[in-house]
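Worksheet: one structure, shown below.
Note on naming: letters A, B, ... go to the chains in the order of the sequence lines (proteins, then strands), and numbering restarts at 1 for each one.
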Amino acid sequence: MAGDISIRLPDGSEKALPSGTTAGGLAQSIGRGLAKAALAALVNGTEVDLSAVLPDGAEVAIVTENSPAGREIIRHSTAHVMAQAVLRLWPGAHYAIGPAIEGGFYDDFELPGGAHFSDDDLGRVDATMREIIAEDQRFVRSERTIDEALVLFRDQPFKREIIEAVRDGAQEHDAAANEDATGAVISTYANGEDFVDLCRGPHVPSTGRLGHFSLTRVAGAYWRGDERRPQLQRIYGTAWESAAALAEHLHRLEEAERRDHRRIGAELDLFSFPDEIGSGLPVFHPRGGTIRRVMEDYSRKRHEEGGYLFVSTPHITKRELFEVSGHLVSFADGMYPPMELDGGQLYYLKPMNCPFHILIYRSRQRSYRELPMRLFEFGVVYRYELSGVVHGLTRVRGLTMDDSHIFCAPEQMPTEIDSLLSFVLGMLRDFGLEDFYLELSTKPEDKALGTDEEWEVATEALRVAAEKAGLELVLDPGGGAFYGPKISVQARDAIGRTWQVSTIQVDFQLPARFGLEYVGADNARHRPVMLHRALFGSVERFLAILLEHYAGALPTWLAPEQVRVLPVKADNQPYAHAVLDRLRAAGLRASVEGADSGVGARVARARTQKLPSVVVVGDRDVAQGTVGVNRRGAERDERGVPLGLFIAEVTEQVATRAVAPGPTVAAADS
RNA sequence: GCCCGGGUAGCUCAAUGGCAGAGCGUCCGCCUUGUAAGCGGUUGACGGGGGUUCGACUCCCCCCCUGGGCUCCA
């Protein structure tokens, strides 16, 4: 057959093929390996099935199983098989939307008679899915009119709702809405005799291409993410192109669990959540308290250098303050209920510090010469988080904000935001976070105060500052606070997860609500702009992030105990204490553990407690004034290090905030 | 707040409608130790409250705490 069509490949080459060749046929013609790895194709920028016939002149790329697009197809196809399995096991179940998500997939169901999935059901669903996969059913695409689709899915209310939304012009991700001459067309995919779903595709050619999956958990989820709508039963799973990739994924989950700050907090005796106190209310033990103190001391020092003024405000206030600020209208549900005293006067625990700082600004007439005025406080606030969202130290009901409010003249705002952003990023880097991107959150659709123009000015100022910082900028439409837009700094940790840390918010609203003013050079009164800024976010949450980032092995400068001294035997105890005195005199946090058990056991214990340095002192050290040094992470110990040298090394680590305990400055003699 | 799980000693985990166990830890001895855990002993728990039962850790109800999600996040 002569080459009737010509297609172009990603490398720019042209290929002639018989007309009627499918994407899968193209893969075959290129090579056996590619054909084996092929799952779908990208034709003129649109993903299609391998069974799709290629048009003449098309640009075609084969989507392989180990690419991001290929994995998404595997996950999406696995979600179809899961829905099919659930329908086999629970005839009459309704199924909703089953997309691929990062690392896996889910699907939502409504079971007959209002039944719920239990963990045991996961095993049954898993087994049925493997039967379907063993049957190697083909995925067959069809296109139908809206009316045909409504008939086909007459018993599936969620599918009908999607189809009706397509008919009414909505863009649906889950159902194709390809316009043609006769109107909207709905594409569906069927596999086996018993399953068909709305779907844009593409899918793997047949269910036999799947199988490296694991169902991970069941959960409730509201239909369309709306808490006023029915709650469906969701099953989450993960799926990969190979057993090795699946195993690697499960290993990453284990790694995340190993780093879980709640586990580390208990293991290293840092903090706890006594039942008697209540949900989301941590207590910090001496070691955790030490880490906090070091974090806070360093932060204070940097703020002092940065021209911040330190203030302090009470934990409770009369109702009126939050009425004026507008918080009570929006957040009464998120606040602890008021205390009533003095004949009906209501007092609230503060859920934020801003109005207090505003009152400090307003305590007397202000001059433009005082601006920008940067107020700073470690303010403890209380928020009544919903019981279902409380989580370790990252979502608590009592938290310490490293809160700053900056009052400046409008014309100072761009410069101030610039320097604020670099101050924030600099401090985050000092704590060892290096990899950032920024998110710009714009005006929310409802609950926003102020004019569009004010919002635009503020948003633009933030955008310009973010661009100057030279970091990737992601838009978060509608994500701003009710009083203004914000930039948030997102940090990636050691295993690639992102955490929102610092936020910088522009606020024209509260200065107006509280009638703030300053007298300008022109002797007229002007309204200042207010910037809200939290750097750690909350001390508790930032500590959690650090613990997970470092897997508990904090840099020396942050470690609650920096050096532990181990005398080999009781005779060496006096020398051990002399070493301890020298370490403490050098400003280090250190202790001695006496010779009540073997050196090996004590070293092992210190390692599990993630101490940066452990020194062992025996007879030879006593005679020579040396120590034996064990550095965290080092393969073996180093004997006979002069004490002065060791102290210099550790104080250097502290001064430079070095991430890992380094080697000695100069190797000691042996 | 909603859905699905869980709560046994400080931690990790067992067992049973009829006397609740282990390892590690704690504490006390012994051992005097040069690098991943010396020996012996000791201590210590059914989250709380109701109910069913001759008898409840076990079955039922409520509450508290907690894990994973959903919703929320000033």
Side-chain angles (χ1 to χ4, degrees), chain A residues 106 108 114 116-122 216-236 257 260 262-263 266-267 269 272-281 322 325-335 350-355 381 383-392 394-395 399 401 403 444 447 479-484 486 500 503 505 507 510 532 534 537 566-573 594-608 614-621 627-630 634 636-640:
Chain A
Y106 67 81
D108 291 341
H116 300 298
F117 290 122
S118 70
D119 285 347
D120 294 340
D121 293 330
L122 286 186
T216 49
R217 53 183 162 261
V218 299
Y222 299 105
W223 169 234
R224 296 297 209 188
D226 184 339
E227 65 177 329
R228 290 161 303 194
R229 311 215 47 189
Q231 187 160 38
L232 307 178
Q233 295 286 303
R234 177 172 295 181
I235 300 179
Y236 282 91
E257 193 181 328
D260 191 314
R262 294 165 299 183
R263 166 198 287 255
E267 284 173 357
D269 193 18
S272 61
F273 298 86
D275 289 358
E276 294 84 343
I277 296 176
S279 183
L281 298 167
F322 293 120
S325 73
H327 287 96
L328 260 178
V329 179
S330 305
F331 296 105
D333 287 350
M335 293 166 65
K350 68 173 170 181
M352 86 295 293
N353 304 299
C354 355
V381 301
R383 297 176 176 185
Y384 196 76
E385 301 286 0
L386 290 178
S387 60
V389 310
V390 170
H391 178 93
T394 60
R395 200 74 183 271
L399 58 130
M401 295 182 71
D403 212 355
K447 77 171 185 179
F482 69 87
Y483 50 69
K486 70 178 175 189
Q500 179 181 315
T503 58
Q505 309 184 330
D507 182 359
L510 290 179
H532 302 244
L566 310 181
V568 171
K569 56 188 189 208
D571 291 352
N572 308 130
Q573 198 104 337
D596 292 327
S597 55
V599 172
R602 282 178 287 156
V603 169
R605 234 179 342 260
R607 284 179 199 267
T608 61
V614 181
V615 300
V616 176
V617 294
D619 291 341
R620 261 176 296 147
D621 298 298
V627 292
V629 179
N630 298 266
R636 44 165 302 177
D637 62 310
E638 190 181 337
R639 305 272 169 100

* Heavy-atom side-chain contact between A/L510 and A/S325 under 4.5 Å -> yes
* **A/R224/A/D226 salt bridge by N-O under 4.0 Å criterion** => no
* Using the P atom on both, measure B/rG55 against B/rG7 and round to a whole Å. => 25 Å
* **Inter-nucleotide C1' distance (B/rC27, B/rC59), Å rounded** => 40 Å
* **By side chain to side chain contact (heavy atoms under 4.5 Å, CB included) - contacts of A/R602 (at least two apart)** => A/L566, A/P567, A/E593, A/A595, A/S597, A/V599, A/R605
* Mind checking the C1' distance from B/rG50 to B/rG40? Whole angstroms is fine. -> 46 Å
* To do: Mark up nucleotides 61-74 of chain B, 5' to 3', with B wherever a protein heavy atom is under 4.0 angstrom from a base atom, S wherever such an atom reaches only the sugar-phosphate, and - elsewhere.
  => ----SSSBBBBBBB
Please write out the pairs of protein N or O atoms and N or O atoms of nucleotides 31-41 of chain B separated by less than 3.5 Å, giving the distance to one decimal.
unit_1: B/rU32; atom_1: O2; unit_2: A/A570; atom_2: N; d: 2.8
unit_1: B/rU33; atom_1: O4; unit_2: A/A595; atom_2: O; d: 2.1
unit_1: B/rG34; atom_1: O6; unit_2: A/G618; atom_2: N; d: 3.3
unit_1: B/rG34; atom_1: O6; unit_2: A/G618; atom_2: O; d: 3.4
unit_1: B/rG34; atom_1: O6; unit_2: A/D619; atom_2: N; d: 3.0
unit_1: B/rG34; atom_1: O6; unit_2: A/R620; atom_2: N; d: 3.1
unit_1: B/rG34; atom_1: N1; unit_2: A/D621; atom_2: OD2; d: 2.7
unit_1: B/rG34; atom_1: N2; unit_2: A/D621; atom_2: OD2; d: 3.4
unit_1: B/rU35; atom_1: O2; unit_2: A/N630; atom_2: OD1; d: 2.7
unit_1: B/rU35; atom_1: N3; unit_2: A/N630; atom_2: OD1; d: 3.2
unit_1: B/rU35; atom_1: N3; unit_2: A/N630; atom_2: ND2; d: 3.1
unit_1: B/rU35; atom_1: O4; unit_2: A/D637; atom_2: OD2; d: 3.2
unit_1: B/rA36; atom_1: N7; unit_2: A/R607; atom_2: NE; d: 3.3
unit_1: B/rG38; atom_1: O6; unit_2: A/D596; atom_2: O; d: 3.3

* Sub-4.5 Å side-chain heavy-atom contact between A/R383 and A/F331 -> no
* Asked: Rounding to the closest angstrom, what is the interatomic distance between B/rG34 and B/rG68 at atom C1'?
  -> 47 Å
* Asked: In whole angstroms, how far is the P atom of B/rC3 from the CZ atom of A/R229?
  -> 18 Å
* Asked: Who are the side chain to side chain contact (heavy atoms under 4.5 Å, CB included) partners of A/T216, not counting sequence neighbours?
  -> A/S214, A/Y236, A/T238
* Could you summarise the pairing of RNA chain B as dot-bracket text, marking Watson-Crick and G-U pairs under 3.5 Å with ( ) or [ ] inside the strand and | across strands? => (((((((..((((....[..))))(.((((.......)))).)...(((((..]....))))))))))))....
* With sequence neighbours excluded, residues passing salt bridge (Lys or Arg N to Asp or Glu O under 4.0 Å) with A/R636 -> none
* Test log, rule side-chain contact (heavy atoms from CB on, under 4.5 Å), inputs A/K569 and A/D619 -> CA-CA 9 Å; A/K569 56 188 189 208; A/D619 291 341; 2.8 Å; yes
* To do: State whether the side chain of A/D637 and the backbone N or O of A/G628 hold a donor-acceptor pair below 3.5 Å, judged by distance alone.
  => no
* Check: A/V603 and A/V616 side chains under 4.5 Å, non-hydrogen atoms -> yes
* Asked: Side chains of A/F117 and A/R217: does their closest heavy-atom pair fall under 4.5 Å?
  -> no
* Structure fact -> In whole angstroms, the gap separating P of B/rC24 from CG of A/D269 amounts to 20 Å
* Hey, are the side chains of A/H532 and A/M352 touching, using non-hydrogen atoms and a 4.5 Å cut-off? -> no
* Asked: How far, in whole Å, is B/rA74 from B/rC4 if one measures between their C1' atoms?
  -> 31 Å
* Asked: Between B/rA45 and B/rA14, how far is it from one C1' atom to the other, in whole Å?
  -> 13 Å
* Respond yes when some side-chain nitrogen or oxygen of A/H116 is under 4.0 Å from OP1 or OP2 of B/rC4, and no when none is. => yes
* Rounded to whole angstrom, note down the P distance from B/rC19 over to B/rA37. => 39 Å
* Asked: Roughly how far apart, to the nearest Å, are B/rG25 and B/rA9 at atom C1'?
  -> 10 Å
